[in-house]
Amino acid sequence: MPTVFVLNGPNLNLLGQREPEIYGRHSLEEIAARCREAGRRLGLEIVFRQTNAEGELVNWIQEAGTEAAALVLNAAGYTHTSVAVLDALRTFPGPIVEVHLSNPYRREAFRARSYVSLAADGIICGLGATGYVLALEAVAERLRNRRDETDREA
Ligand code: DQA
């Protein structure tokens, strides 16, 4: 079963309490539960993590390079600032889907710039926790197609 890392950046540990009118009332633990449920349905092993530290996020993206087939990433505030996260993403060989709970394009101008987008295969934003599930569905399809191609070549 392929492993997918679902990584979350700073302040997402406060989901549910933090600006609920923007980010909704679901806690990060509830989002993790929805991801695990989607993983069971889609045949994916889900590793779900959150950190407030940029370096830790970089370490986990590097770890995904050897441990995961695909990456779903909500880099939160680091989306808009982190060249280090972008550089790490560029070393990851599998599919990358960028997720945001809110729609950054409807918010402050600085949120319209994403370093993560420069390395992402796809972006899902503005759909709340459902965006994570949609990202996992897209990743599952990509990994299935990739497997079919490899089987055909064999
Ligand atoms: C966010 C959007 C970012 O602009 C913000 O800094 C976050 C969360 C989202 O999920 O909507 O912390 O990534």
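Along the sequence shown, residues carry numbers from 1. Whatever order the structure lists ligands and atoms in, that order sets their numbers, starting from 1.
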Fill in the blank from the handout: For Gly77, the atoms of ligand 1 under 4.0 Å from one of its heavy atoms are 6 (O), 12 (O)
Fill in the blank from the handout: Of all protein heavy atoms, the one nearest atom 5 (C) of ligand 1 is Arg111 NH1, 3.3 Å
Problem - Min N/O separation Leu101 to ligand 1 under 3.5 Å - result: yes
Practice task
Give a yes/no verdict on whether any heavy atom in Glu19 is under 4.0 Å from an atom of ligand 1.
Solution key: no
Handout entry: SB check Glu137 Arg41 (cutoff 4.0 Å)
Key = yes
Practice task
Return yes when Thr79 approaches ligand 1 closer than 4.0 angstrom through a heavy atom, no otherwise.
Solution key: no
Practice task
Could you tell me whether the side chains of Arg113 and Tyr115 share a donor-acceptor contact shorter than 3.5 Å?
Solution key: yes
Handout entry: Nearest protein heavy atom with distance in Å, relative to atom 11 (O) of ligand 1
Key = Ser102 OG, 2.6 Å
Exercise for the section: Please report which non-hydrogen protein atom sits nearest to atom 12 (O) of ligand 1, along with the residue it belongs to and the distance in Å to one decimal place. Expected result: Arg18 NH2, 3.0 Å
Handout entry: Exercise: do Thr79 and Glu98 side chains pair donor with acceptor under 3.5 Å
Key = no
Problem - Ionic contact status for Glu45 with Arg40, cut-off 4.0 Å - result: no
Problem - Neighbour count above 12 (heavy atom, 6.0 Å) for Arg142 CZ - result: no
Fill in the blank from the handout: Honestly, for Ala76 the part within reach of ligand 1 (heavy atoms, under 4.0 Å) is both
Exercise for the section: Kindly determine whether Ile46 and Leu136 satisfy side chain to side chain contact (heavy atoms under 4.5 Å, CB included), including the steps that lead there. Expected result: CA-CA 9 Å; Ile46 304 298; Leu136 290 171; 3.8 Å; yes
Problem - Interfacing atoms of ligand 1 (cut-off 4.0 Å, heavy-atom, His80) - result: 3 (C), 4 (O)
Exercise for the section: With heavy atoms under 4.0 Å as the rule, classify the contact between His100 and ligand 1 as side chain, backbone, both or neither. Expected result: both
For a quick test of your reading: what N or O donor-acceptor pairs under 3.5 Å do the side chains of residues 54-75 make, sequence neighbours left out?
residue: Glu54; atom: OE2; partner: Ser82; partner atom: OG; Å: 2.5
residue: Glu56; atom: OE1; partner: Thr51; partner atom: OG1; Å: 2.7
residue: Glu63; atom: OE1; partner: Arg49; partner atom: NH1; Å: 3.2
residue: Glu63; atom: OE2; partner: Arg49; partner atom: NH2; Å: 3.1
residue: Thr66; atom: OG1; partner: Glu63; partner atom: O; Å: 3.1
residue: Asn74; atom: OD1; partner: Ala76; partner atom: N; Å: 3.0
residue: Asn74; atom: ND2; partner: Tyr132; partner atom: OH; Å: 3.2

Exercise for the section: Record the part of Ile22 in heavy-atom contact with ligand 1 below 4.0 Å; permitted values are side chain, backbone, both and neither. Expected result: neither
Handout entry: Shortest protein heavy-atom distance from atom 7 (C) of ligand 1, along with the residue and atom involved
Key = Tyr23 OH, 3.4 Å
Practice task
May I have the step-by-step check of salt bridge (charged side-chain N to carboxylate O under 4.0 Å, His left out) for Arg111 and Glu108, ending in yes or no?
Solution key: CA-CA 6 Å; Arg111 293 185 203 274; Glu108 300 97 324; 2.6 Å; yes
Practice task
Tell me, yes or no, whether the heavy-atom count around His26 atom NE2, taken from other residues, nucleotides or ligands under 6.0 Å, exceeds 12.
Solution key: no
Exercise for the section: Give yes or no for whether the N/O distance cutoff of 3.5 Å, strictly under, is met between Leu12 and ligand 1. Expected result: no
